[in-house]
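See structure below.
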Amino acid sequence: MRAYRMTGPGRAALVSVPDAEPGPGEVRLDVLAAGICHSDLNVLDHGVGAGWPLPMTLGHEICGRVAALGAGVEGLEIGSQVLVHAPLGCGRCDRCVQGRTNYCDERDRLSLAGVGLGVDGGMADAVVVSPERLVPADGLDPVAAATLTDAGLTSFHAIEGCAADLADPGSVAVVIGVGGLGHLAIGLLHALRPARVVAVETREAARQLARDCGADVAVAPDEAAAAVAAVAERGADVVLDFAGAQTSIDLAASLLRTAGVLVLVGSGGGVLRVAKPGVLRTGFRLQLPFWGSRTELAAVVDLARQGSLAPHTTVFPLADADRAFDEVRGGRLTGRAVLVPD
């Protein structure tokens with residue numbers, strides 16, 4: 001079978017590897033679609049996970065079809081469509097038992113982060129995973145469904161963490177960065193919360209995508225302060241920063257109202273200086289969400305079934321993985337890039 005494998009820092013290639021075969025307690029999925037995330041670029045280009053064993057098949061956003069069951073696996077039907085909940089945990093702590101492997105108590109000591117992030121992932125014709133990672137997804141478009149496993153899940157988890165702050169119809173949420181995650185966050189806010197949504201993006205195409213997803217206002221960064229003041233002079237209740245760059249963090253902090261919440265999702269290398277007294281508003285709160293639980297992924301799937309999520313995707317055949325990564329790296333796409341085995 002074919003797999004898109006990272007072979008060294010900044011190097012990846014589509015290669016032929018032995019067919020994936022499930023061992024005892026494992027499941028083989030024929031991959032239907034695998035999303036490309038900026039986390040993949042951080043791994044490939046910027047040294048994240050430098051100690052992980054190589055070569056490694058990339059891809060942690062996976063939609064697949066159950067193709068073979070290892071010994072002892074029950075309760076799954078061959079041919080059923082599923083999603084993979086990719087975060088790894090120790091499997092023993094209370095959080096792992098609850099399906100919250102994204103917040104495993106041992107996460108900081110684990111040598112691997114997830115399927116496709118230290119363990120062979122889904123940018124391949126097939127992948128082998130443990131059955132407890134699977135969430136049913138029959139009936140969903142596989143391309144859209146793949147994006148739910150990180151872009152949708154992480155956005156949902158980030159919004160749920162500040163749900164009380166967005167319960168008032170007069171509340172205001174700002175979304176900075178309308179990419180793979182940001183555009184789904186806007187859709188989720190529009191579907192689940194009464195808050196008004198202000199989207200902030202440098203690219204006009206992405207600003208239009210934000211409007212299409214339900215943003216009340218979509219502006220460039222230099223217009224953000226005026227746009228927020230126009231809908232709520234007091235400032236934003238919540239700012240979700242999906243970029244995490246220095247400029248976006250500085251902007252996010254400046255847009256918050258007193259006792260507002262900054263939800264830092266992106267990993268763009270920015271730094272927030274916290275001091276008292278300082279520039280941050282009284283009562284300021286910071287949240288650092290990471291991925292989401294398996295239960296939350298099931299909830300995201302339900303929302304997709306109800307039509308509350310409409311991922312915007314650009315599809316590439318697996319054979320064009322190099323080109324797809326270049327397009328994402330160059331910021332030339334809106335929404336999410338997805339690889340489909342051809």
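All values below come from the heavy atoms of this structure, side chains included, with hydrogens, waters and symmetry mates left out.
- Sparse packing is recorded around CZ of Arg65, with 12 or fewer heavy atoms of other residues, nucleotides or ligands lying under 6.0 Å away.
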TODO: Verify salt bridge (charged side-chain N to carboxylate O under 4.0 Å, His left out) between Asp326 and Arg332, making sure each step is shown before the conclusion.
DONE: CA-CA 9 Å; Asp326 285 343; Arg332 293 185 288 273; 5.9 Å; no
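- Considering every non-hydrogen atom in both Phe242 and Gly177, the closest pair reads CB-O, 3.8 Å.
- Val82 is not listed as a side-chain neighbour of Val135, based on a closest heavy-atom distance of 4.5 Å or more.
- Thr57 and Arg5 form a side-chain donor-acceptor contact under 3.5 Å, judged by distance and modelled atom types alone.
- For Arg234, the CZ atom counts as densely surrounded, since its 6.0 Å shell holds more than 12 non-hydrogen atoms of other residues, nucleotides or ligands.
- Residues passing the side chain to side chain contact (heavy atoms under 4.5 Å, CB included) test with Ala220 are Arg207, Asp222, Glu223, sequence neighbours excluded.
- Ionic pairing of Arg211 and Glu204 is present here: one or more N-O contacts between side-chain nitrogen and carboxylate oxygen are shorter than 4.0 angstrom.
- With salt bridges taken as basic N to acidic carboxylate O contacts below 4.0 Å, one links Glu160 and Arg193.
- Under the 4.5 Å side-chain heavy-atom criterion for ILVMFWY residues, no single connected hydrophobic cluster contains both Val128 and Val84.
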TODO: Test side chain to side chain contact (heavy atoms under 4.5 Å, CB included) on Leu189 and Leu240 and set out the steps.
DONE: CA-CA 11 Å; Leu189 287 166; Leu240 297 116; 4.2 Å; yes
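- Ser39 contributes atom OG, which lies 6.0 Å from atom CG of Asp150 (distance to the nearest 0.5 angstrom).
- Other members of a hydrophobic cluster containing Leu209 are absent, since no ILVMFWY side chain comes under 4.5 Å of it, directly or through relayed contacts.
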Open item on the list: Run the side chain to side chain contact (heavy atoms under 4.5 Å, CB included) test on Leu272 and Leu262 for me, step by step, so that the C-alpha distance in whole Å, both residues' side-chain angles and the decisive distance to 0.1 Å come before the verdict.
Closed with: CA-CA 11 Å; Leu272 177 70; Leu262 170 54; 4.1 Å; yes
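- At most 12 non-hydrogen atoms from other residues, nucleotides or ligands lie less than 6.0 angstrom from CD of Glu77.
- Taking the six-membered ring where the residue is Trp, the centroids of His157 and Tyr103 are separated by under 6.0 Å.
- Minimum heavy-atom separation, Gly152 to Leu188: O-CD1, 3.9 Å.
- Contact record, Pro317 with Leu339: O-CD2, 3.9 Å, taken as the closest heavy-atom pair.
- In this structure, Gln81 CD and Asp30 CG are separated by 12.0 Å, a value rounded to the nearest 0.5 Å.
- Ion pairing of Arg196 with Asp216 is absent here, as no side-chain N (NZ or NE/NH1/NH2) approaches a carboxylate O to less than 4.0 Å.
- Taking 4.0 Å as the cut-off between side-chain N and carboxylate O, Arg2 and Asp342 count as a salt-bridged pair.
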